[in-house]
Amino acid sequence: MSDPKQRVAELTALLEKYNYEYYVKDNPTVTDAEYDNLMDELIHLETNYPELKSKYSPTQRVGGKILEGFSKVKHKRLMLSLADVFNEEEVRDFDRKVREALNLDTIDYMAEMKIDGLAMSLDYVDGSLNYAATRGDGNIGENVTSNVITVKSIPTHIAVNKPFEVRGEIFMPKKSLEKLNQERASKNEPLLANARNAAAGSIRQLDTSVAASRGLEGFWYYFVNAEEYGITRHSDALNYIETLGFKTNPERRICHGIEEVINYINEYTNKRSSLSYDIDGIVIKVDEFKYYDQLGYTAKTPKWAIAYKFPPEEVITKLRDIVYTVGRTGKITPNAVLDPVRVAGSLVSRATLHNEDFVKEKGLMVGDTIVIRKAGDIIPEVVRVLKERRDGNEKPYQMITACPICGQPLKKIEAMHYCTNPNCEARNIEYLIHFASREAMEIDGMGPAVLEEFFNLGLIHSVADIYRLKDHEQTILELEGWSHKSFNNLMAAIEKSKHNSLEKLITGLGINEVGSKMARTLVKRYPDINQWKQLELMELLSLPDIGPVVAESIYQFFHDENRLRLLDDLARLGVNMTYLGPKVDYSSPFAGKTIVLTGTLSRYGRKEATVLLENLGAKVTSAVSKSTDIVIVGVEAGSKLDKAKALGIKVMDEEEFISILENKK
C-alpha cells in the first residue's frame, strides 16, 4: 500500500485540479464517475487517518458543520464601496473630473459587470486560504470561511508565498435560484425573492451543508495588493489572478476613453437579461494603479472608480385587487394585488400603495393596466396607470372605513388610517414580530412564522409571554419541526435578550414614531426606564429633534396603565431596564452642537468619530446647512468645506478635534 500521507496529497491535488477545470474553466477532463471515485477514496483515507484531514480538504466543500456563529474580522485595508451614478451625464462628469485631476486628455478604463451578490474578501497566507470575510461596515466584517469554501470554484491554495488578498462577489446564478425555488415550492416553503438575497442568506447559514447545496458561484474583481507583485494595471491584475485559479468575469473590457465606456454600458444594458447571473450596473475603474493615490478617496469611496446603476426596469401588469394589512401600530396600508410579473430578477405579485392619498394621486382603479418597477431594484412600486388601456370594466377605488381584521372603525391621522383597537389580533402579531426582530430585542429563532404559530396556539398573547415560553416546553416539543435542541436554542436566545441595553427595549416597545435611531439618542439622556415614566410633555417638546407628534406619542405611551403594567411585568421577568452603553457627556464643548464630518480623518474612521461625538452630546449629520454649528475636516475635504466657509460656519481641523477629545478623556 502506498504511503497514506502521500496519497492524500495526490488526491487533494487531483480533485482541486478537476474542480478548477469544471467550475472555473468549464472544461472538465474527467467523468463524474471518475471524480466521485477519487473523492470516495479520499473520504476513506481521511476516515482511517483523521490526522491527515485538512480544514480545506476537497471533502470539506460539501459542508456539514453546524456553526455557533460568525466571528469578526478586521480588514487589513478598508473595504470601500463605490459611488453610484445613474445616467450618461454623470458618467461623463466622472471622466471629466478624473482627466482634470490628472491633466490628461484621455484615460484607459476597465469596464466590468456589477454583480448583484454579496461582497467578499479572500485573504491568503503562505499560499493557503486564511479567511473569507464579508464587507461588514468596511472596516470589520464577518468570518464566513466555512461557508465560502463550499463554493468549489474558489481555490483554497494558490501558488504564491507572499501575503495575498483578492476581493469579489459571491452570487447565485439564475438557474440555481430557479432550482432552489422549485424545491422550496414542493415543500410549501416561501420562495426566495431574488438572487442577491438568496446568496447573502446562503452564506450566513449556520449549517454549512445548506450553503453547499445552494449552487453559489464567485467572480473576483480586485487584487488588493497587486502593486506588491509588480503589477501596474488593474487589467493585468485580473489576468494574473486568473492564472492562479480565480474565476474572473469574461465580460470585462478595457475602454480607451469615455466614448468606449458609454458604448459598453449601452451594449450590456441590452444584454443584461441574457446573462446567466443578475447584474445591477456597470463598474468603471481607472486602469492604471499609479493614478489611484493621486485621485484619492472620500471617506467611503475611491475617486478612481464609480458604479453606473441601471435605470429601474419597468414592466406592465394588471392591478387585480387592493387589499389591506394592519401594522403593529394599527396603521392600515393598502397593497396592490398584481398579475405576477418578473421584475429585476424576481417574481412580483404585490406592491405597497402606502396610503389613501397615494392611490388617489396615481388615479388607480381596480382592473387598471399599470407600470411597476423596483425602487432601488428592491421594493416593488407602482409608477403610473396606462389610462388609454381602460375598457370600462375598472372599479373606482374606495378606502375602507373599518379594520379588515377586527372590524373596528378606522381613524385618520394626517395621511394615514389606523385601527385604534389595542386588542386587534393583527396588531398584536405584528407587534410581537417587531419586538423580537433584529433591530429591537434581537431574539434569534423567533421569526414571523414561529410567533404566528405560538400566537395562534395561545402560547403568547403579549411580549411578556415570550419570557414565559419555557413553561410550555412539552407543548412546543410536540409541534412539527421542534426538537430539544431547537427549543433550548430558542430559550437561550430569549434569555440573552433580557440583557440588552435599554435602547433595544424602547425600540421593541413599538412607541409610535420612535425608531431605533431615536431610541439610541434618547436613552443616553434618560438611561433608566423610571425616568421615561416621569417625562412631562413640555420637557419632551424642549428636546432637539423631538416634534409635537413624537413628544405626544412618548408621553401617552408612558401614561397608559396597561403599558406601565407590561413594563412592570417585563422587569419582574428579568428584562433589563437601563442603558448599558457609554454615557453622554453633556458638559463637553460639542454638547448640543450639530456637526458635519468631511474628508478623511487619520486617527478615526467616520463611524468611530460619529460615535465619539454623539457620546459628547453632539448631533452628527451628513449635510452642511445653516443649522450646522461645526464642520470637522480631514484630508481631501471637498464641497462641504466650501459650503461651510460660504455660510460662515466654524471649521475645525483634525488636530483641534483630537485635542478636545484628549482633554475630555
Side-chain angles (χ1 to χ4, degrees), residues 328-329 422 431-432 434-443 446 462-468 492-594 608 610-620 664-665:
R328 60 182 172 81
T329 61
Y431 183 37
L432 291 167
H434 170 74
F435 185 85
S437 69
R438 185 175 295 275
E439 74 167 342
M441 294 300 277
E442 201 168 357
I443 304 176
M446 185 158 273
S462 77
V463 294
D465 291 332
I466 291 173
Y467 297 96
R468 299 187 181 96
I494 291 171
E495 184 64 28
K496 181 182 177 183
S497 75
K498 290 181 181 180
H499 307 291
N500 286 334
S501 186
L502 179 60
E503 66 271 19
K504 302 287 280 184
L505 176 62
I506 294 294
T507 302
L509 290 173
I511 305 168
N512 200 19
E513 302 296 334
V514 178
S516 57
K517 184 177 181 181
M518 184 169 290
R520 285 195 304 273
T521 300
L522 289 173
V523 295
K524 293 176 181 178
R525 185 176 288 273
Y526 304 109
D528 189 291
I529 199 70
N530 290 316
Q531 294 173 283
W532 289 71
K533 295 176 183 178
Q534 296 163 13
L535 283 171
E536 295 297 332
L537 188 58
M538 292 308 296
E539 181 177 356
L540 286 164
L541 287 168
S542 70
L543 297 176
D545 300 320
I546 299 290
V549 174
V550 178
E552 180 71 25
S553 179
I554 295 172
Y555 179 79
Q556 291 297 338
F557 187 96
F558 286 97
H559 285 75
D560 182 293
E561 289 187 7
N562 291 326
R563 283 157 171 167
L564 292 177
R565 277 196 292 271
L566 170 64
L567 288 171
D568 291 341
D569 201 6
L570 289 170
R572 282 192 294 271
L573 289 163
V575 176
N576 173 61
M577 296 283 162
T578 59
Y579 172 57
L580 303 177
K583 302 297 187 289
V584 175
D585 180 3
Y586 289 106
S587 68
S588 84
F590 295 121
K593 304 293 186 184
T594 298
E608 186 181 5
T610 298
V611 171
L612 287 168
L613 286 164
E614 288 177 346
N615 290 338
L616 292 172
K619 175 187 175 185
V620 181
K664 290 309 298 178
K665 287 177 183 177

Where is the tightest heavy-atom contact between [X] and [Y], given as atom of each residue plus distance?
X: R520; Y: K524; result: O-CG, 3.4 Å
X: N576; Y: S501; result: ND2-CA, 3.9 Å
X: L566; Y: S462; result: CD1-OG, 4.4 Å
X: N500; Y: A440; result: ND2-O, 4.5 Å
X: I554; Y: V514; result: CG1-CG2, 3.7 Å
X: P548; Y: L541; result: CA-CD2, 3.6 Å

| Just wondering, more than 12 heavy atoms not from K498 lying within 6.0 Å of its NZ? | yes

| task | Kindly check if the number of other-residue, nucleotide or ligand heavy atoms within 6.0 Å of NZ (K517) is above 12? | result | no

| remark: Sequence neighbours excluded, the answer for side-chain contact (heavy atoms from CB on, under 4.5 Å) partners of T521 is none

Nearest 0.5 Å, what's the [atom1]-[atom2] distance between [X] and [Y]?
X: N615; Y: F590; atom1: CG; atom2: CZ; value: 12.5 Å
X: L543; Y: M538; atom1: CG; atom2: CE; value: 11.0 Å
X: N512; Y: E552; atom1: CG; atom2: CD; value: 11.0 Å
X: L522; Y: L535; atom1: CG; atom2: CG; value: 8.5 Å
X: L570; Y: I466; atom1: CG; atom2: CD1; value: 9.0 Å
X: I546; Y: E513; atom1: CD1; atom2: CD; value: 10.5 Å

| task | Could you check whether the rings of F435 and Y467 sit parallel, tilted or perpendicular, using 30° and 60° as the cut-offs? | result | perpendicular

| request: Assess whether side chain to side chain contact (heavy atoms under 4.5 Å, CB included) is satisfied between V463 and M441, documenting all intermediate values. | output: CA-CA 11 Å; V463 294; M441 294 300 277; over 6 Å; no

Look at the side chain of [X] and the backbone N and O of [Y], then say whether any donor-acceptor pair between them is shorter than 3.5 Å.
X: D560; Y: F557; value: no
X: S553; Y: V549; value: no
X: H559; Y: E536; value: no
X: Y555; Y: V550; value: no

| said: Please determine whether side chain to side chain contact (heavy atoms under 4.5 Å, CB included) holds for the pair L580 and K504, giving the CA-CA distance in whole Å, both sets of side-chain angles, and the decisive distance to 0.1 Å. | reply: CA-CA 11 Å; L580 303 177; K504 302 287 280 184; over 6 Å; no

| task | Check the pair E439, S437 against side chain to side chain donor-acceptor pair (under 3.5 Å), reporting the backbone distance first and the verdict last. | result | CA-CA 6 Å; E439 74 167 342; S437 69; 4.8 Å; no

| task | Please test L616 against K593 for side chain to side chain contact (heavy atoms under 4.5 Å, CB included), starting from the C-alpha separation and ending with a verdict. | result | CA-CA 10 Å; L616 292 172; K593 304 293 186 184; over 6 Å; no

| message | For a 4.5 angstrom cut-off between non-hydrogen side-chain atoms, does D528 reach T578? | response | yes

| field | pair I506-V523: side-chain heavy atoms closer than 4.5 Å | value | yes

| task | Could you walk me through whether L567 and L509 pass side chain to side chain contact (heavy atoms under 4.5 Å, CB included), step by step? | result | CA-CA 9 Å; L567 288 171; L509 290 173; 3.8 Å; yes

| said: Between E539 and Y526, is there a side-chain donor-acceptor contact under 3.5 Å, judged purely by atom types and distance? | reply: yes

| query | Is the shortest distance from a Lys or Arg side-chain nitrogen in D465 or R468 to a carboxylate oxygen in the other one below 4.0 Å? | reply | yes

